[in-house]
Undergrad: 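One structure is given below, represented as structure tokens, and several questions about it will come after.
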Amino acid sequence: MSGRTTGLTPPEGSKPPVRHPDAPAPGEILGAHYDQCFGCGDQARGLELTTRAGEGVSVTAEFTVRGGHQGAPGLAHGGVLAAALDETLGSLNWLQRVIAVTGRLETDFVRPVPVGAELHLEARVAAVHGRKIYCSATGRIDAPDGPVAVRAQALFIEVRVDHFIENGRPEEIDAALADPDQVKVARAFEVNP
């Protein structure tokens, strides 16, 4: 399959990402974009990812692999690791103040991640081309400079909030829209397909 294009390389004419002037300061914890989110919300079997704004259009995140995240005995499930990468990459959109969904996520599993390990993730936007946002992430075991366990490249597509309203379950959509905290309303529709 040499020469295969995955659609994850920014095309000619792409622009550098722009951090929104109201984006959280570097080092600031972003918090959950939606309390029911598997990745960053407060879910018993979720990831409970903690994400911080980085420099430029970048973020860092951490989560501890628990017993409920296993795929093989004592090791994280690959789908859980992909979800952690996707959630971290999706957090980049809050720094740009765009609503975007995952269009493509390509993941490389470099080494197993044991239960009890803390996965340290770093993600950044490489380029923007129209509604397309090109980004990448790396996950390391037990320290920001630990051994690389997973890597991803992703393409996010900017959408309007109607995407969620037309496709989500009405009771959750109505509850999210009714929240008096307008920042929480905006963040609820920040990421995910």
Undergrad: Kindly state each residue pair satisfying salt bridge (Lys or Arg N to Asp or Glu O under 4.0 Å) with at least one member in residues 129-145, sequence neighbours excluded.
TA: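 Found none.
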Undergrad: Sequence neighbours left out, what passes side chain to side chain donor-acceptor pair (under 3.5 Å) with Glu62? Give chain and number order.
TA: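 Side chain to side chain donor-acceptor pair (under 3.5 Å) list for Glu62, sorted by chain: Arg52.
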Undergrad: Looking only at heavy atoms, which two atoms of Ala61 and Thr51 are closest? And how far apart?
TA: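 Looks like CB-OG1, 3.6 Å.
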Undergrad: Starting from Leu85 and following side-chain heavy-atom contacts under 4.5 Å between hydrophobic residues (I, L, V, M, F, W, Y), which residues can be reached?
TA: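 Its cluster partners, ordered by chain and number, are Phe38, Leu47, Leu49, Phe63, Val65, Val80, Leu81, Phe109, Val113, Val115, Leu119, Leu121, Ile141, Val150.
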Undergrad: Please name the pair of heavy atoms, one in Thr88 and one in Ala84, separated by the smallest distance, quoted to 0.1 Å.
TA: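 Nearest pair, atom of Thr88 first, then Ala84: OG1-O, 2.8 Å.
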Undergrad: So which residues get pulled into Ile29's cluster when ILVMFWY side chains under 4.5 Å apart are joined, directly or through others?
TA: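 Members other than Ile29 - counting any ILVMFWY side chain reachable under 4.5 Å - there are none.
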Undergrad: Sorted by first residue and then second, give each salt bridge (Lys or Arg N to Asp or Glu O under 4.0 Å) pair with at least one member in residues 12-29; sequence neighbours left out.
TA: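 Listed once each, the pairs would be none.
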Undergrad: Mind checking salt bridge (Lys or Arg N to Asp or Glu O under 4.0 Å) for Glu158 and listing every partner two or more places apart, or none if nothing turns up?
TA: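 Not a single residue meets the salt bridge (Lys or Arg N to Asp or Glu O under 4.0 Å) criterion with Glu158.
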Undergrad: List in chain and number order the residues that pass side chain to side chain contact (heavy atoms under 4.5 Å, CB included) with Arg151, two or more places apart in sequence or in another chain; answer none if no residue qualifies.
TA: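 Once residues adjacent in sequence are excluded, the partners of Arg151 under the side chain to side chain contact (heavy atoms under 4.5 Å, CB included) criterion are Asp108, Val110, Thr138, Val148.
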Undergrad: Holding to side chain to side chain contact (heavy atoms under 4.5 Å, CB included), I want the full list of residues that pass it with Pro11, two or more places apart in sequence or in another chain.
TA: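 Residues passing side chain to side chain contact (heavy atoms under 4.5 Å, CB included) with Pro11: Ser14, His129, Tyr134.
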Undergrad: Can you run down the side chain to side chain donor-acceptor pair (under 3.5 Å) pairs that involve residues 115-124, sequence neighbours left out, and say none if there aren't any?
TA: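 Matches after skipping sequence neighbours: Glu118-His120, Glu122-Arg124.
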Undergrad: At their closest point, which heavy atom of Pro147 faces which heavy atom of Arg111, and how far apart are they?
TA: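 The answer is CB-NH1, 3.5 Å.
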Undergrad: Not counting sequence neighbours, which residues clear side chain to side chain donor-acceptor pair (under 3.5 Å) with His69? List them please.
TA: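 His69 satisfies side chain to side chain donor-acceptor pair (under 3.5 Å) with no other residue.
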Undergrad: What closest approach, in Å, do Ala23 and Leu95 show between heavy atoms, and which atom pair accounts for it?
TA: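 For Ala23 versus Leu95, the nearest heavy atoms are CB-O, 3.5 Å.
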Undergrad: Go through the structure and list residues passing side chain to side chain contact (heavy atoms under 4.5 Å, CB included) with Gln96, not counting sequence neighbours.
TA: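 Partners of Gln96 under the side chain to side chain contact (heavy atoms under 4.5 Å, CB included) test: Pro17, Val57, Asn93, Val98, Val125, Val128, Ile133.
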Undergrad: If you compare all heavy atoms of Gly103 against all heavy atoms of Ile157, which two are closest, and at what distance to 0.1 Å?
TA: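 Looking at all heavy atoms of both residues, the shortest contact is CA-CG1, 4.3 Å.
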Undergrad: Could you give the distance from CD (Glu48) to OG1 (Thr64), rounded to the nearest 0.5 Å?
TA: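 Atom-to-atom, Glu48:CD and Thr64:OG1 are 9.5 Å apart.
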Undergrad: State, to 0.1 Å, how close Leu105 and Ala82 come at their nearest heavy-atom pair, and which atoms those are.
TA: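 Minimum heavy-atom contact is CD2-O, 3.8 Å.
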Undergrad: Counting heavy atoms not belonging to Arg97, are there more than 12 under 6.0 Å from its CZ?
TA: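 It does: Arg97 CZ has more than 12 such atoms within range.
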Undergrad: Under 3.5 Å, which donor-acceptor pairs link side chains of residues 70-79 to any protein atom two or more places apart or in another chain?
TA:
from: Gln70; atom 1: OE1; to: Gly74; atom 2: N; distance (Å): 2.6
from: Gln70; atom 1: NE2; to: Gly67; atom 2: O; distance (Å): 3.0
from: His77; atom 1: ND1; to: Gly79; atom 2: N; distance (Å): 2.7

